[in-house]
Each structure stands twice: as structure tokens, then as C-alpha cells.
> 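Here's a structure for you.
Every value quoted in this text rests on a predicted model; they were computed, and no experiment measured them. Letters A, B, ... mirror the listed sequences (proteins, then strands); counts begin at 1.
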2 protein chains.
Amino acid sequence: MGEFGLIAAMAARMEAAPGAIVGIGDDAAVLHVGDSRVVATTDLLVEGRHFRLDWSGPADIGIKAAARSLADVAAMGAVPEALLVGLGAPAGLPAAWAQDLASGLAGEARRAGAHVIGGDLSGAAQILLAVTALGTMAGREPVTRGGARPADVVAVAGRLGYSAAGLALLQAGLSGPAEVLAAHRRPQPLYDAGPEAVALGATSMIDVSDGLLQDLGHLAAASGVLIDVATAGLASGEPLVAAARALGLDPAATGHPGPLAWMLSGGEDHALAATFPPGAALPSRWAVIGRVREGRGVLLDGANYRGESGWQHFR
Amino acid sequence: MGEFGLIAAMAARMEAAPGAIVGIGDDAAVLHVGDSRVVATTDLLVEGRHFRLDWSGPADIGIKAAARSLADVAAMGAVPEALLVGLGAPAGLPAAWAQDLASGLAGEARRAGAHVIGGDLSGAAQILLAVTALGTMAGREPVTRGGARPADVVAVAGRLGYSAAGLALLQAGLSGPAEVLAAHRRPQPLYDAGPEAVALGATSMIDVSDGLLQDLGHLAAASGVLIDVATAGLASGEPLVAAARALGLDPAATGHPGPLAWMLSGGEDHALAATFPPGAALPSRWAVIGRVREGRGVLLDGANYRGESGWQHFR
């Protein structure tokens with residue numbers, strides 16, 4: 001099956017985008033964004049690095065790749081609208097594999113209210129995905145990493161540490177707890193929490209893709225502030241405790257590996273972290289985990305954290 | 001040098017985009033497109049497949065990658081505005097190499113009136129680029145592949161066959177003619193010919209990236225018409241004749257390899273091919289090369305072409 005056959009097979013798994021004036025199959029797509037501003041981000045997902053073929057199926061990989069870029073759009077306070085997908089793969093990629101990948105991409109896009117509007121296909125030494133997500137501000141103002149102010153509260157919407165715990169289970173050859181493995185394979189970002197944060201007055205926001213402390217570090221640096229994270233706000237849920245037990249770890253231990261370390265340094269759950277003015281009335285899915293202060297950097301309970309702070313992309 | 005250092009080094013070679021409300025360095029970029037419609041396209045460029053490190057330098061590769069996506073935007077009749085660049089590379093990529101790549105990307109973007117507004121970096125087994133180009137219709141209507149009508153004239157703006165001739169020279173170990181080698185390394189699409197075609201009443205348009213006959217085949221299929229290409233309109237320029245002579249070929253031969261075959265089946269010059277109503281007054285840079293008729297497919301001087309019609313992406 002050549003390029004054009006494979007593209008047709010993948011496109012068959014994708015619904016036409018209602019906002020696409022020109023969709024898949026022309027030189028470029030033309031998208032109605034309903035605002036004179038478009039939000040855009042690109043992420044690479046590489047076999048052996050961001051996923052393993054023996055640990056994730058094609059639909060899982062499609063979901064993960066889509067979520068990674070869609071969450072970046074949400075983290076600007078925007079509404080995801082569309083994906084463009086570049087797929088590199090060795091010749092001989094089974095059409096059924098590519099179709100299941102397409103189903104994963106299209107399904108996660110739909111969960112975010114978006115559609116796949118274009119892409120490219122090329123031979124490559126390993127499977128890789130380059131996913132661009134586009135979104136609209138829908139009349140809102142973008143929330144950058146740079147607006148946190150001293151006295152703001154720091155809050156997180158979405159899971160922390162589940163993906164890292166699932167990875168630890170896979171590395172240990174374990175097949176449960178199922179909820180944690182599923183969270184590793186198929187992150188479920190709360191996309192609508194992004195625009196919600198704008199409505200709640202968020203002063204800054206970031207997608208937790210590399211690890212909470214590392215990503216809060218980027219936010220603190222861009223805002224020129226210090227962020228003090230309180231472990232009291234980071235209650236490990238039952239699934240993380242169960243994952244620790246399955247691995248023979250003390251669930252209450254604060255070192256690495258363990259629930260607290262997974263929550264502090266695990267990425268890929270794509271929770272949204274945002275800062276809000278003091279006194280902001282936050283819905284329950286926004287868990288307050290710290291406070292902004294004068295200064296620079298990130299502290300944990302007022303002290304430096306000694307563990308790994310997160311994922312290194314390029315070493 | 002880790003990911004963030006490399007990103008900073010590359011960003012230093014790029015000017016801030018005047019249209020970027022949020023540029024490089026946040027979760028996503030926010031671009032003012034000045035129209036409620038955005039044009040978007042993604043292309044992959046893979047080492048050993050789309051370029052060779054011994055035949056092209058990093059600036060050449062950046063130019064080629066940018067041109068490939070920017071030309072797709074122009075082929076919709078749109079004005080390029082921005083690029084997002086995903087770079088995969090083996091660990092140990094020299095910072096100077098990445099910086100020269102960034103210069104190539106930024107320089108070609110500038111030639112098209114666009115800027116780099118974001119990207120991603122990841123380890124990978126080979127060097128590859130995933131370039132997304134965004135553009136604005138600027139109040140125009142998009143020109144698709146699907147609007148060609150019988151009796152329309154077919155015209156091309158830009159070079160045909162130069163990149164293929166340059167590749168043949170490199171494969172033969174030759175170091176000239178310099179103009180042809182330069183055209184292979186650094187395509188120079190006529191981006192402003194895209195919006196110009198809209199003003200001239202173009203009924204359909206495509207970027208010639210895979211080969212004239214193959215790409216006109218896509219256009220004919222989308223429009224439900226037959227396109228008859230006339231070799232009389234495909235005059236080989238002096239550089240192609242010189243390239244043929246350097247390779248010991250008869251410049252007037254019509255078989256493969258040779259100037260006519262390069263023009264018919266060579267891609268990557270990113271000429272724009274468009275159809276116009278009969279009688280349209282075309283500026284001289286639009287060379288009339290054929291006619292639209294009732295029917296299906298592409299003919300050369302009224303007959304089937306027996307050579308290779310163009311590039312296969314995935315075999």
C-alpha cells in the first residue's frame with residue numbers, strides 16, 4: 001500500500017471538520033477560526049522515546065500524540081479546533097496499524113472538540129508523529145506563562161503522577177492496577193479547564209507535560225516569581241497508592257520512586273497548572289497546591305527539592 | 001547542550017514575528033491572522049530521504065524544509081504568515097549545525113513574508129523536520145485543486161526540473177553547473193504568484209512538489225477533468241541544457257534522464273501550477289503549458305506518458 005492508499009485508509013477513520021472550509025486532500029487546509037487570532041503548537045512523539053510499541057497500541061499512541069498538542073492549546077486558555085498530523089514510519093507499516101492510529105488521533109481530537117484537517121506521510125527509520133494543534137481564543141485573551149504575581153494561588157486541574165506510575169509498572173513487568181496503566185497509555189487532559197481558567201481570572205497557565213516542578217519552574221521563570229509548592233495539597237489518590245503497593249514500595253515514602261515523586265516529576269498526564277488571584281473561588285477540580293511569592297524558582301514546602309524534577313527531551 | 005539550550009540557540013537566529021501575540025517559548029503561539037480563516041499545512045523532511053547531509057548543509061536543509069510548506073500555503077492563494085518547526089535529531093547534534101538550520105528556516109520564512117513562531121525538539125534516530133506553515137487568505141477565496149474546467153488554460157510559475165537535474169549531477173559526483181546545484185539545494189518558490197493567481201482568476205491551483213505530471217494528475221482528479229500538457233510549452237532553459245551536457249546526455253532527447261523528463265517528473269522546485277479561464281491575460285512568469293479538456297487524467301501532447309511521473313513518498 002503506497003502513500004496515497006495509506007492516507008485514504010487513515011482519512012476514512014476521520015470525520016470531516018465542520019470548521020474546515022478546505023479539509024484533507026488539498027495543498028493545505030483552510031480553517032474557519034471565528035476570531036482573527038489562531039493558537040498553534042507542534043509536538044513530536046518518537047518511538048522508543050515517547051512510546052514503546054510493546055507497551056502501547058496504535059490507538060493509544062494516537063491518543064497520546066493528540067493529547068500532547070491539544071493540551072498545549074488548552075493551556076493558553078483556548079479552544080482546540082484542529083490537528084495536522086505528520087507520520088513518519090518504516091516502509092511496510094501495516095494499514096490496520098495506521099488506521100487504528102488514525103482512530104486514536106481522531107477520537108482524542110473529538111474529545112477536545114477538534115478534528116484532523118491535514119497531514120503528511122513519509123518513510124522514516126522509526127515511527128514518529130509530528131502533531132500540530134490549532135485553536136481559537138474565541139474572544140478570550142491568551143493566558144501565558146508570564147503573568148503570575150506574588151500572593152497568587154497555584155492550582156492544578158487533572159491527574160498528576162499517573163503516567164509516571166504506569167510507566168514504572170510497565171518497566172517492572174506488572175499488568176495492574178489497570179487504571180494506572182490506562183492513564184499511562186491514554187492521558188485524559190481536562191481540555192475545557194483551560195478556557196475555564198480564563199473565566200476564573202487565571203494570571204498564568206502551563207500544561208504539565210514534563211513534570212510539575214520542572215513546568216512550574218518554566219512558569220516561575222517567565223513570570224519572574226517564586227512558586228512554593230505544598231506537599232499537603234498533593235494527596236496521592238488510591239490508584240497511585242495501589243501502584244506503589246504493587247511495586248513493593250511504601251506508599252507514604254516521599255523519595256523516588258513513589259507516589260509523591262511521581263506527582264512532582266512525572267509528566268505526560270497533561271494536567272493544567274495555573275495561578276489565580278488570592279481569594280479566587282475555584283471549582284473542586286482545581287486543587288490548590290501552592291502559593292506564588294517574591295523571588296525566583298520553585299520550592300517544595302519552602303525548601304529545595306533534591307529529586308529529579310522532570311523529563312529531559314534531548315540527552 | 002540540552003533541549004532548552006539548543007532551543008535558545010536556535011531562537012537567537014530568528015526574528016520575533018510582528019503578527020505573533022505570543023511567540024516562541026510558551027505552551028503555544030498565538031498569531032494574529034487578520035481574517036477569520038487560517039491556512040495550515042504540515043510536511044515532513046527526513047534525512048536520507050528528502051536530503052543528504054553530504055549534499056546539503058544545514059542552512060540548505062532549513063530553506064528546503066521551509067519552502068516545502070510555505071509553497072503549499074501559496075498554492076491555496078494565501079499569504080504565508082508563520083512556521084512551526086519540529087526537529088528530531090540524534091543526541092550530540094552540534095549547536096552550530098542547529099543554528100545554521102534555524103538561519104535557513106528563518107531566512108526562507110522571511111523571503112515569504114513569514115516568521116518562525118514555535119516548535120519542538122526531540123531525540124530521534126535520524127535528523128528530521130516537521131514544518132507546519134500557517135497563512136492568511138487576507139480576504140481572498142481559497143483556490144483548491146478542484147475547480148479546473150474544460151477549456152481552461154494550464155500555466156506554471158517557477159522552475160521545473162532544476163531540482164531533479166541538480167540531484168542527477170550530485171548522484172554523478174559532478175560539481176556544476178552551479179546554478180542547477182544551487183536550485184536543488186535551495187528551491188526558490190514564487191510565493192507571491194499564489195495570491196497573484198487568485199487575482200488573475202485562477203480556477204484551480206497546486207504546488208508542484210512531486211512532479212508536474214503527477215501533481216497535475218491530482219488536480220485533474222480533484223476537478224474531474226483531463227489535462228493535456230504540450231511539450232511545446234516546456235522549453236528547457238540553458239541551465240538544464242548545460243546540466244544534460246555535463247552528464248553526457250543529449251539535451252534534446254525526450255527520454256529519461258534528460259531535460260524534458262526532469263521537467264515532467266522532477267519535484268521539489270515548488271513551482272505553482274494553476275488553471276485559468278480561456279483568454280486570461282497572464283503575466284510572463286506564468287508559462288502556458290497545456291489545456292483542460294473533458295475527460296479524466298493527464299496526457300502529454302495528446303498521448304499517455306510512458307516515463308516515471310514523479311516521486312513516491314512511501315515505498
Side-chain angles (χ1 to χ4, degrees), chain A residues 2-3 6 21-22 25-46 49-50 72-73 75-76 78 82 84-88 91 117-126 128 130 132-135 137 142 144-146 205-207 222 312-315, chain B residues 2-3 6 21-22 25-46 49-50 72-73 75-76 78 82 84-88 91 117-126 128 130 132-135 137 142 144-146 205-207 222 312-315:
Chain A
E3 179 195 18
L6 206 49
I21 299 161
V22 178
D26 217 296
D27 291 80
V30 183
L31 181 72
H32 180 79
V33 285
D35 187 319
S36 62
R37 300 163 301 172
V38 62
V39 181
T41 181
T42 289
D43 282 289
L44 294 175
L45 218 79
V46 179
R49 204 170 166 78
H50 298 99
D72 280 332
V73 169
M76 302 307 293
L84 297 126
V85 180
L87 169 63
I117 60 167
D120 190 27
L121 187 63
S122 174
Q126 63 196 153
L128 64 97
T132 298
L134 303 178
M137 290 312 308
T144 70
R145 300 175 177 184
M205 186 152 48
I206 192 167
D207 155 49
Q312 299 296 314
H313 289 259
F314 200 72
R315 69 174 181 196
Chain B
E3 178 195 16
L6 206 50
I21 299 162
V22 179
D26 217 296
D27 290 80
V30 183
L31 181 72
H32 180 80
V33 285
D35 188 318
S36 62
R37 299 163 304 172
V38 63
V39 181
T41 182
T42 290
D43 283 289
L44 294 175
L45 219 78
V46 179
R49 206 171 164 79
H50 298 99
D72 280 331
V73 169
M76 301 307 293
L84 297 126
V85 180
L87 170 62
I117 60 166
D120 189 28
L121 187 63
S122 174
Q126 63 197 152
L128 64 97
T132 298
L134 302 178
M137 290 311 310
T144 70
R145 300 176 177 183
M205 185 151 49
I206 193 167
D207 155 49
Q312 298 297 314
H313 289 258
F314 200 73
R315 69 174 182 196

> Do you know which of B/Ala40, B/Pro142, B/Ala75 has the most heavy-atom pairs under 4.5 Å to chain A?
B/Ala40
> Name each donor-acceptor pair under 3.5 Å that joins a side chain in residues 29-36 of chain A to protein atoms two or more places apart or in another chain, with its distance.
unit_1  : atom_1 : unit_2   : atom_2 : d
A/Asp35 : OD1    : A/Arg37  : N      : 3.0
A/Asp35 : OD1    : A/Arg37  : NE     : 3.1
A/Asp35 : OD2    : A/Arg37  : NH2    : 3.0
A/Asp35 : OD2    : A/Ala138 : N      : 3.3
A/Asp35 : OD2    : A/Gly139 : N      : 2.9

> Enter the distance from A/Leu87:CG to B/Thr42:OG1 here, rounded to the nearest 0.5 Å.
12.0 Å
> In terms of heavy-atom proximity below 4.5 Å to chain A, should B/Met137 be classed as side chain, backbone, both, or neither?
side chain
> Highest number of heavy-atom pairs under 4.5 Å with chain A: which of B/Val38, B/Ile117, B/Asp26?
B/Asp26
> Quick one: OG on A/Ser122 to CZ on B/Arg49, what's the gap to the nearest 0.5 Å?
5.0 Å
> Check whether B/Leu44 gets within reach of chain A through its side chain, its backbone, both or neither, counting any heavy atom under 4.5 Å.
both
> With a 4.5 angstrom heavy-atom cut-off, is it the side chain or the backbone of B/Leu45 that approaches chain A, or both, or neither?
neither
> With only heavy atoms counted, which part of A/Leu128 is less than 4.5 Å from chain B, the side chain, the backbone, both or neither?
side chain
> Going from CG on A/Asp43 to CG on B/Asp27, what distance comes out if it is rounded to the nearest 0.5 angstrom?
9.5 Å
> Is it the side chain or the backbone of B/Val39 that comes within 4.5 Å of chain A heavy atoms, both, or neither?
both
